[in-house]
Participant: 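Could you have a look at this structure, given as structure tokens, before my questions?
Any value given below was found using the heavy atoms of this structure, including those in side chains, with hydrogens, waters and symmetry copies removed. In what follows, residues are counted from 1 in the order of the sequence shown. Quick caveat, the model's predicted, so the values are computed rather than measured.
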Amino acid sequence: MMTEEHSDLEARIIKDIHCKEIDLVNRDPKNINEDIVKVDFEDVIAEPEGTYSFDGVWKVSYTTFTVSKYWCYRLLSTLLGVPLALIWGFLFACISFCHIWAVVPCIKSYLIEIQCISHIYSLCIRTFCNPLFAALGQVCSNIKVVLRREG
């Protein structure tokens, strides 16, 4: 009974991961494009005081910029969005695969091997250097420095 509930829960979790709802209102919930590609007309085109164009030209320029940017983005995302999503999905799957099956095992193997080497290194230091430094300490312990003022 308990194993059936556990496997049912696992199946629901796996289903939830692949079929989760996406937010169609907030399409950048983690704000990864907050300052990078948020470009408005005022960010690109500005007329300093004293060099204004006609009001009609300014309004048409604003509308042309805004509408062309909007429709160009929509056209490009329609034509290239799905193929690029496929490419990026494949790329990040490859990166994840390499990280899981190559990078992490190599790092773990290195840490295991370096731990063994560190024990040997520590043993060598304690065996050879500790007695040497203890003897040097004994030799130098009888040195006395006296400061005198002459004058």
Participant: With sequence neighbours left out, write down each residue that passes side-chain contact (heavy atoms from CB on, under 4.5 Å) with E113, or none if nothing qualifies.
Facilitator: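 By the side-chain contact (heavy atoms from CB on, under 4.5 Å) rule, E113 matches S109.
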Participant: Is it the case that over 12 heavy atoms from other parts of the model lie below 6.0 angstrom from the CG atom of D55?
Facilitator: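 It does not: D55 CG has 12 such atoms or fewer within range.
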Participant: Among the clusters formed by ILVMFWY side chains lying less than 4.5 Å apart, do V44 and Y73 turn up in the same one?
Facilitator: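 No, separate clusters.
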Participant: Rounded to the nearest 0.5 Å, what's the gap from CG on L136 to OG on S141? Could you check?
Facilitator: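 These two atoms lie 11.0 Å from each other.
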Participant: Counting only N and O atoms by type, is there a donor-acceptor contact under 3.5 Å from the side chain of T66 to the main-chain atoms of T63?
Facilitator: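 No, T66 side chain to T63 backbone: no donor-acceptor pair under 3.5 Å.
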Participant: Determine whether W101 and L91 fall in the same hydrophobic cluster, where Ile, Leu, Val, Met, Phe, Trp and Tyr are linked whenever their side-chain heavy atoms lie under 4.5 Å apart.
Facilitator: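 Shared cluster, no.
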Participant: Indicate whether the side chain of R126 and that of S122 have a donor and an acceptor atom separated by less than 3.5 Å.
Facilitator: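 There is such a pair between these side chains.
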Participant: Working to the nearest 0.5 Å, report the span between OG1 of T64 and CZ of F41.
Facilitator: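 Here the rounded value is 9.0 Å.
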Participant: Say whether, by atom type as modelled, one donor and one acceptor occur between the side chain of T127 and the main chain of C124 under 3.5 angstrom.
Facilitator: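 No: the side chain of T127 does not pair with the backbone of C124.
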Participant: Could you state whether L80 and W88 fall into the same hydrophobic cluster, counting links through intermediate Ile, Leu, Val, Met, Phe, Trp or Tyr residues with side-chain heavy atoms under 4.5 angstrom apart?
Facilitator: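 Yes, L80 connects to W88 through the hydrophobic network.
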Participant: Can V67 be reached from V60 by stepping across I, L, V, M, F, W or Y side chains whose heavy atoms are under 4.5 Å apart?
Facilitator: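 V60 does not cluster with V67.
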Participant: Tell me which one of I107, I112, I114 satisfies side chain to side chain contact (heavy atoms under 4.5 Å, CB included) with Y110.
Facilitator: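 Of the listed options, the one satisfying the test is I114.
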Participant: Backbone N or O of V25 within a donor-acceptor pair of the D23 side chain at under 3.5 Å?
Facilitator: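 At least one qualifying donor-acceptor pair exists.
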Participant: If you round to the nearest 0.5 Å, how far is CG of L84 from CG of L79?
Facilitator: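 Rounded to the nearest 0.5 Å, the CG-CG separation comes out at 10.5 Å.
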Participant: Step by step, would you call I45 with E42 a side-chain contact (heavy atoms from CB on, under 4.5 Å)?
Facilitator: CA-CA 6 Å; I45 300 171; E42 297 84 13; over 6 Å; no
Participant: Would you sort out whether F133 and I125 count as a side-chain contact (heavy atoms from CB on, under 4.5 Å), showing the intermediate values?
Facilitator: CA-CA 11 Å; F133 291 136; I125 293 294; over 6 Å; no
Participant: Please report the closest heavy-atom contact between S53 and E47, naming both atoms and the distance.
Facilitator: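 Heavy atoms of S53 and E47 come nearest at OG-OE2, 2.8 Å.
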Participant: If only atom types and distance count, is the side chain of K59 paired as donor or acceptor with the main-chain N or O of F54 below 3.5 Å?
Facilitator: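 The answer is no, because no donor-acceptor pair under 3.5 Å joins these two groups.
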Participant: Using modelled atom types and a 3.5 Å cut-off, is there a donor and acceptor pairing between side-chain atoms of T51 and backbone atoms of P48?
Facilitator: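 Looks like yes, one N/O pair under 3.5 Å.
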Participant: Rounded to the nearest 0.5 Å, what's the gap from CG on L123 to OG on S118? Could you check?
Facilitator: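 Nearest 0.5 Å value for the CG-OG distance: 11.0 Å.
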Participant: Quick check for you: to the nearest 0.5 Å, what is the distance between I95 atom CD1 and F90 atom CZ?
Facilitator: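 I95 CD1 to F90 CZ: 10.5 Å, rounded to 0.5 Å.
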Participant: Run K69 and F65 through side-chain contact (heavy atoms from CB on, under 4.5 Å) and show every step you take.
Facilitator: CA-CA 6 Å; K69 184 182 93 163; F65 178 88; 4.2 Å; yes
Participant: In Å, rounded to the nearest 0.5 Å, how long is the span from CD1 of I87 to CZ of F92?
Facilitator: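 Reported value, rounded in 0.5 Å steps: 12.5 Å.
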